[in-house]
Amino acid sequence: MENYTQTRADFILLGLFPQTRIGLFLFIVIILIFLIAMFGNLSMILLIFLDTHLHTPMYFLLSQLSLIDLNYISTIVPKMAYDYLSGNKSISFIGCGVQSFFFMALAGGEGLLLASMAYDRYVAICSPLHYSIRMSKRVCVLMITGSWILGSVNSCAHTIYAFGIPYCRSRAINHFFCDVPTMLTLACVDTRVYEYTVFVSTTFLLVFPFTGIACSYSRVLHAICRMQSTEGRKKAYSTCSTHLTVVTFYYAPFAYTYLRPRSFRSPTDDKVLAVFYTILTPMLNPIIYSLRNKEVMGALRRVIQKVCLVKM
């Protein structure tokens, strides 16, 4: 039987890229995606802040989504890039705990925020006369605050447990970040009960919000089909299809990863799926919302014109 090591010994992140030409190519691609995600999300936040036409509940929620994505990808990629370039894959006990906490807090917060955005679209299309009341500034603030708080509380509970149990002599985490379910395979204690709590919290933060989103959009699609205005129907469908695309890219790989029993999981599958919800989704969100949204493109033109006038 393996002996226990010191509780605060460093961990080793085995990483995502092999030390080959293919690994170097994938590394460069990930860095480019990271830069696009940083630029895209920062641009969305600034654009929504600067243009008064976008000071609506929908874009207020969207700015928070960009803020979460900005922090989300920054929690994962810089450390992964440093490990690959330096060849030093170790991460301190405290550093691993901090990374794990922010990852779970931001992931949970984004899941709840996407549900809030679905509710916003439901009210806008199905109850337009009550929109200003049901989606007031106070309601938006409560939705955003609740998403951050619930995500942080859930993350805090998991982090305290995961970093309070003893680990065996092997400290190698077969992942590119400190993922709690992957870390549990190194534990020297029976974690089956805790794995059940992971399943429950994932159900609460992913399955329930996704169910709410599905119910909202079933009502929305029904309302769209009954619209008499072709232009209104196209606009509503475009907005909803955009949000559904974001939801699919985020929820599907996340749920498939964390709702499977350990016996059905493999490190390779987990790492590939994690790329979708930790790296690709933060990049795709601002692209999807900007390129398919006339209001955002119009706001971008207005901001550029203002900047050019100021320079002149």
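Quick caveat, the model's predicted, so the values are computed rather than measured.
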**Study point:** Atom CD1 of Ile22: over 12 foreign heavy atoms under 6.0 Å
**Key:**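 Incorrect, the count does not exceed 12.
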
Check your understanding: Is it true that atom CZ of Phe204 has more than 12 heavy atoms of other residues, nucleotides or ligands lying nearer than 6.0 Å?
Key ->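 Open.
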
For a 4.5 angstrom cut-off between non-hydrogen side-chain atoms, does [X] reach [Y]?
{"X": "Ser216", "Y": "Arg121", "value": "no"}
{"X": "Leu259", "Y": "Leu206", "value": "no"}
{"X": "Phe163", "Y": "Cys96", "value": "yes"}
{"X": "Leu62", "Y": "Met58", "value": "no"}
{"X": "Lys79", "Y": "Phe177", "value": "no"}
{"X": "Leu65", "Y": "Glu110", "value": "yes"}
{"X": "Tyr119", "Y": "Met143", "value": "yes"}
{"X": "Val189", "Y": "Pro166", "value": "yes"}

Sub-3.5 Å donor-acceptor pair from the side chain of [X] to the main-chain atoms of [Y], do we have one?
{"X": "Thr191", "Y": "Ala187", "result": "no"}
{"X": "Thr281", "Y": "Phe276", "result": "yes"}
{"X": "Thr159", "Y": "Cys156", "result": "no"}
{"X": "Asn154", "Y": "Leu150", "result": "no"}
{"X": "Thr145", "Y": "Leu142", "result": "no"}
{"X": "His55", "Y": "Phe49", "result": "yes"}
{"X": "Thr278", "Y": "Ala274", "result": "yes"}
{"X": "Ser136", "Y": "Ser132", "result": "no"}
{"X": "Gln99", "Y": "Thr75", "result": "yes"}
{"X": "Lys89", "Y": "Met80", "result": "no"}

Can [Y] be reached from [X] by stepping across I, L, V, M, F, W or Y side chains whose heavy atoms are under 4.5 Å apart?
{"X": "Ile149", "Y": "Phe103", "value": "no"}
{"X": "Leu26", "Y": "Leu14", "value": "no"}
{"X": "Ile28", "Y": "Ile76", "value": "yes"}
{"X": "Phe25", "Y": "Phe27", "value": "yes"}
{"X": "Leu273", "Y": "Leu284", "value": "no"}

Practice item. Quick one: do Trp148 and Leu112 satisfy side-chain contact (heavy atoms from CB on, under 4.5 Å)? Show the steps, please. Key: CA-CA 9 Å; Trp148 282 95; Leu112 295 171; over 6 Å; no

Practice item. Applying side-chain contact (heavy atoms from CB on, under 4.5 Å), run through Tyr84 and Leu16 and close with a yes or a no. Key: CA-CA 9 Å; Tyr84 182 80; Leu16 180 64; over 6 Å; no

Practice item. Classify the angle between the aromatic ring planes of Tyr250 and Phe254 as parallel (below 30°), tilted (30 to 60°) or perpendicular (above 60°). Key: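 Tilted: the ring planes of Tyr250 and Phe254 meet at 30° to 60°.
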
For the [atom1] atom of [X] and the [atom2] atom of [Y], what is their distance to the nearest 0.5 Å?
{"X": "Ile30", "Y": "Ile279", "atom1": "CD1", "atom2": "CD1", "result": "4.0 Å"}
{"X": "Asn41", "Y": "Leu46", "atom1": "CG", "atom2": "CG", "result": "11.0 Å"}
{"X": "Lys137", "Y": "Thr56", "atom1": "NZ", "atom2": "OG1", "result": "13.0 Å"}
{"X": "Glu195", "Y": "Thr202", "atom1": "CD", "atom2": "OG1", "result": "11.5 Å"}
{"X": "Tyr82", "Y": "Ser86", "atom1": "OH", "atom2": "OG", "result": "4.5 Å"}
{"X": "Phe176", "Y": "Leu13", "atom1": "CZ", "atom2": "CG", "result": "10.0 Å"}

Review point. How about Phe11 and Tyr167: are their ring centroids closer than 6.0 Å?
Key: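 Under 6.0 Å, so yes.
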
**Study point:** Residue pair Arg134 / Ser127, side-chain donor-acceptor N/O under 3.5 Å
**Key:**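 Side chains of Arg134 and Ser127: pair found under 3.5 Å.
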
Exercise for review: Would you please say whether a donor-acceptor pair under 3.5 Å links the side chains of Asp51 and Tyr59?
Suggested key: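 No - no donor-acceptor pair under 3.5 Å links their side chains.
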
**Study point:** Among Tyr258, Phe210, Tyr256, the one residue meeting ring pair (Phe, Tyr, Trp, His ring centres under 6.0 Å) with Tyr251
**Key:**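 Of the listed residues Tyr258, Phe210, Tyr256, the ring pair (Phe, Tyr, Trp, His ring centres under 6.0 Å) partner of Tyr251 is Phe210.
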
Exercise for review: Apply the test side-chain contact (heavy atoms from CB on, under 4.5 Å) to residues Ile48 and Met44: give CA-CA distance (whole Å), side-chain angles for both, the deciding distance (0.1 Å), then the verdict.
Suggested key: CA-CA 6 Å; Ile48 292 170; Met44 286 297 294; 4.2 Å; yes

Any idea which heavy atoms bring [X] and [Y] closest together, and the distance?
{"X": "Met135", "Y": "Pro57", "result": "O-CG, 3.3 Å"}
{"X": "Cys126", "Y": "Ala223", "result": "SG-CB, 3.9 Å"}
{"X": "Met117", "Y": "Leu61", "result": "CG-CB, 3.8 Å"}
{"X": "Ile33", "Y": "Leu280", "result": "CD1-CD2, 3.7 Å"}

Check your understanding: What's the verdict on side-chain contact (heavy atoms from CB on, under 4.5 Å) for Ile91 and Asp10, showing C-alpha distance, side-chain angles and the deciding distance?
Key -> CA-CA 6 Å; Ile91 183 170; Asp10 290 352; over 6 Å; no

In a table with atom names and distances, give each donor-acceptor pair under 3.5 Å that connects a side chain of residues 67-74 to protein atoms at least two apart or in another chain.
{"from": "Asp69", "atom 1": "OD2", "to": "Asn285", "atom 2": "ND2", "distance (Å)": "2.6"}
{"from": "Asn71", "atom 1": "ND2", "to": "Leu67", "atom 2": "O", "distance (Å)": "2.7"}
{"from": "Tyr72", "atom 1": "OH", "to": "Tyr277", "atom 2": "O", "distance (Å)": "3.4"}
{"from": "Ser74", "atom 1": "OG", "to": "Leu70", "atom 2": "O", "distance (Å)": "2.7"}

Point to revise | With sequence neighbours excluded, residues passing side-chain contact (heavy atoms from CB on, under 4.5 Å) with Thr197 | key: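 side-chain contact (heavy atoms from CB on, under 4.5 Å) check on Thr197 returns His158, Tyr194.
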
Check your understanding: If you look only at pairs with a residue in residues 41-74, which of them pass as a disulfide (SG to SG under 2.5 Å), with sequence neighbours excluded?
Key ->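 Output for this query is empty, none listed.
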
